[in-house]
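In what follows, a structure is listed as structure tokens, so that the remarks can point back to it.
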Amino acid sequence: MAQGRGSAMVATVFLCMLIIVLHSEMAHAATYTVGDSGGWTFNVAGWPKGKQFRAGDTLVFNYSPAAHNLVAVNKVGYNTCTTPRGSRVYKTGKDQIKLVKGQNFFICSIAGHCQSGMKVAVTAI
């Protein structure tokens, strides 16, 4: 009977540790507003400079959906200001994107906007 209590105690301690680890992982996730108070607009390409992003952090893109959009693209799409087939296009004006580990690329696909600096690349560790 004492062995049963010991196993239950080990299981309880393990469960508590798991909850603490999961909670601390979630506590580290941060939310960033792209372009800060100016929002998702022209000349935001330099916005990530000096910031450290982690996988799981959230980027918030605030913009007028009548004037702009947001497209999650690959590196080629970012470099060429094109929307590759299958790219996700957002149009709400208050889009929230969770970062994945590695490079994350975003552009506005409205004609001329990306070329005018409405694009951002964020690397998450």
Side-chain angles (χ1 to χ4, degrees):
M1 189 127 168
Q3 186 176 0
R5 278 193 220 144
S7 296
M9 180 68 126
V10 169
T12 301
V13 169
F14 177 76
L15 183 59
C16 288
M17 289 175 60
L18 181 63
I19 289 169
I20 289 169
V21 168
L22 291 175
H23 180 51
S24 69
E25 287 289 317
M26 290 189 296
H28 291 299
T31 300
Y32 297 91
T33 300
V34 176
D36 299 319
S37 61
W40 177 233
T41 190
F42 300 102
N43 301 314
V44 294
W47 171 81
K49 191 171 186 155
K51 297 174 180 68
Q52 185 173 42
F53 301 94
R54 298 184 176 277
D57 286 352
T58 300
L59 296 184
V60 178
F61 292 82
N62 293 322
Y63 59 94
S64 167
H68 305 295
N69 68 11
L70 172 68
V71 185
V73 297
N74 58 24
K75 187 173 185 174
V76 172
Y78 179 83
N79 289 334
T80 62
C81 287
T82 59
T83 303
R85 175 175 279 174
S87 296
R88 178 96 191 258
V89 179
Y90 300 87
K91 300 177 183 180
T92 70
K94 295 191 179 296
D95 305 313
Q96 296 188 19
I97 312 292
K98 194 168 287 229
L99 295 175
V100 297
K101 187 174 183 176
Q103 296 181 313
N104 297 259
F105 299 99
F106 306 95
I107 67 170
C108 177
S109 68
I110 304 299
H113 289 201
C114 178
Q115 293 84 345
S116 296
M118 199 165 177
K119 63 182 190 174
V120 68
V122 174
T123 302
I125 55 172

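In this text, all values refer to a predicted model and were calculated from it rather than measured experimentally.
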Output for pair (Leu70 CG, Ser109 OG), nearest 0.5 Å, gives 9.0 Å
Quick one: do Leu59 and Phe106 satisfy side chain to side chain contact (heavy atoms under 4.5 Å, CB included)? Show the steps, please.
-> CA-CA 11 Å; Leu59 296 184; Phe106 306 95; 3.8 Å; yes
Shortest non-hydrogen pair, Val44 vs Gly35, comes out as CG1-CA, 4.2 Å
Under a 4.5 Å side-chain heavy-atom rule over Ile, Leu, Val, Met, Phe, Trp and Tyr, are Phe105 and Val120 clustered together?
-> no
With side chain to side chain contact (heavy atoms under 4.5 Å, CB included) as the test, would you mind laying out the steps for Ile125 and Gln52 before giving the verdict?
-> CA-CA 8 Å; Ile125 55 172; Gln52 185 173 42; 3.5 Å; yes
Is Trp40 reaching over with its side chain to a backbone N or O of Thr33, donor-acceptor style, under 3.5 angstrom?
-> no
Measure from the side-chain N and O atoms of Asn69 to the backbone N and O of Pro65, and report whether any donor-acceptor pair falls under 3.5 Å.
-> no
Between Lys119 and Tyr78, is there a donor-acceptor pair closer than 3.5 Å when you use the side chain of the first and the backbone of the second?
-> yes
Could you tell me whether the side chains of Asp95 and Tyr63 share a donor-acceptor contact shorter than 3.5 Å?
-> yes
Spacing of Gln115 atom CD and Ile107 atom CD1 [to the nearest 0.5 Å] = 8.0 Å
Do Tyr32 and Val34 share a hydrophobic cluster (ILVMFWY, side-chain heavy atoms under 4.5 Å, transitive)?
-> yes
Quick one: are the Cys81 and Cys114 sulfurs under 2.5 Å apart?
-> yes
Between Pro48 and Ala121, what is the shortest heavy-atom contact and its length?
-> CG-O, 3.4 Å
Nearest heavy-atom pair of Val73 and Pro84: which atoms, and what distance?
-> CG1-CD, 3.8 Å
State yes or no: are the ring centers of Tyr90 and His68 separated by less than 6.0 Å?
-> no
Kindly say whether Gly102 contributes a backbone atom to a donor-acceptor pair with the side chain of Asn104 at under 3.5 angstrom?
-> yes
Where do Asp57 and His28 come nearest, in terms of heavy atoms and distance?
-> OD1-O, 3.9 Å
Going by atom types alone, do Trp47 and Asp36 pair a side-chain donor with an acceptor below 3.5 Å?
-> yes
Could you walk me through whether Val122 and Leu99 pass side chain to side chain contact (heavy atoms under 4.5 Å, CB included), step by step?
-> CA-CA 8 Å; Val122 174; Leu99 295 175; 3.8 Å; yes
Exam field: side chain Asn62 to backbone Lys94, donor-acceptor pair closer than 3.5 Å | no
With no hydrogens and no angle check, is any side-chain donor or acceptor of Ser87 less than 3.5 Å from a backbone partner on Thr83?
-> no
Atom pair NE2 (His113) and CZ (Phe42), whose distance is rounded to the nearest 0.5 Å = 4.0 Å
